[in-house]
Engineer: 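Sending over a structure as structure tokens; questions will come in a sec.
Scope of the values below: all heavy atoms of this structure, side chains included, with no hydrogens, waters or symmetry mates. Counting starts at 1 for both ligands and their atoms, in listed order.
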Amino acid sequence: MPSIQIGTLAELPDGTGRAFTVEGRRLAVFRVGDELYAIDDTCSHAEASLSAGEFDPDELCVECPLHGSSFDVRTGVPRTLPAFEPVAAYRIFHDGELIFVEYPE
Ligand code: FES
């Protein structure tokens with residue numbers, strides 16, 4: 001699977017999340033220290049941007065801003081209703097300052 005550079009650590013302060021666009025698809029990317037997590041940005045329940053939700057770096061989950069489902073940022077699996085389908089999760093890493101995601105061709 002190819003690795004695509006999506007941004008830099010400077011664009012993603014520790015303990016926060018934001019959206020990056022990869023090959024026309026929006027990913028929600030989160031950072032806790034040196035660890036990075038990437039899931040699809042669009043909620044599996046309706047049209048909402050998960051990167052706009054509240055990120056809890058201790059619980060490693062993000063709350064959907066529309067109806068409040070909490071998604072595990074490691075797996076994309078919702079922990080609370082109303083969403084019950086997972087969103088895709090991607091392998092993500094950094095090499096120095098550069099952030100890469102493994103993205104299917
Ligand atoms: S749109 Fe995300 S929980 Fe409804």
Engineer: Using only heavy-atom distances, determine whether the side chains of Tyr90 and Asp40 contain a donor-acceptor pair under 3.5 Å.
Structural biologist: yes
Engineer: Report the atom name of the nearest N/O/S atom of His45 relative to atom 4 (Fe) of ligand 1.
Structural biologist: ND1
Engineer: Would you mind listing which atoms of ligand 1 come within a distance below 4.0 Å of any non-hydrogen atom of Cys64?
Structural biologist: 1 (S), 2 (Fe), 3 (S)
Engineer: Numbering the atoms of ligand 1 from 1, which are under 4.0 Å from a heavy atom of Leu66?
Structural biologist: 1 (S)
Engineer: What's the spacing between Asp72 CG and Arg79 CZ if we round to 0.5 Å?
Structural biologist: 4.5 Å
Engineer: Should the heavy atoms of other residues, nucleotides or ligands under 6.0 Å from CD of Glu54 be counted, would the total exceed 12?
Structural biologist: no
Engineer: Counting from 1, what ligand 1 atoms have a heavy atom of Ala48 closer than 4.0 Å?
Structural biologist: 1 (S)
Engineer: With under 30° as parallel and over 60° as perpendicular, where do the rings of Phe93 and Phe100 fit, or are they tilted in between?
Structural biologist: parallel
Engineer: For atom 4 (Fe) of ligand 1, does an N/O/S atom of His67 lie at less than 2.8 Å?
Structural biologist: yes
Engineer: Minimum heavy-atom separation for Gly68 to Thr80, with atom names?
Structural biologist: O-OG1, 3.8 Å
Engineer: Considering only heavy atoms, does Ala46 approach ligand 1 within less than 4.0 Å through its side chain, its backbone, both, or neither?
Structural biologist: both
Engineer: Which pairs with one or both residues in residues 4-14 pass side chain to side chain donor-acceptor pair (under 3.5 Å), sequence neighbours excluded?
Structural biologist: Thr8-Glu11
Engineer: Strictly under 2.8 Å, is any N, O or S atom of Cys43 next to atom 4 (Fe) of ligand 1?
Structural biologist: no
Engineer: Which ligand 1 atoms, with their elements, are less than 4.0 angstrom from a heavy-atom of Ser69?
Structural biologist: 3 (S)
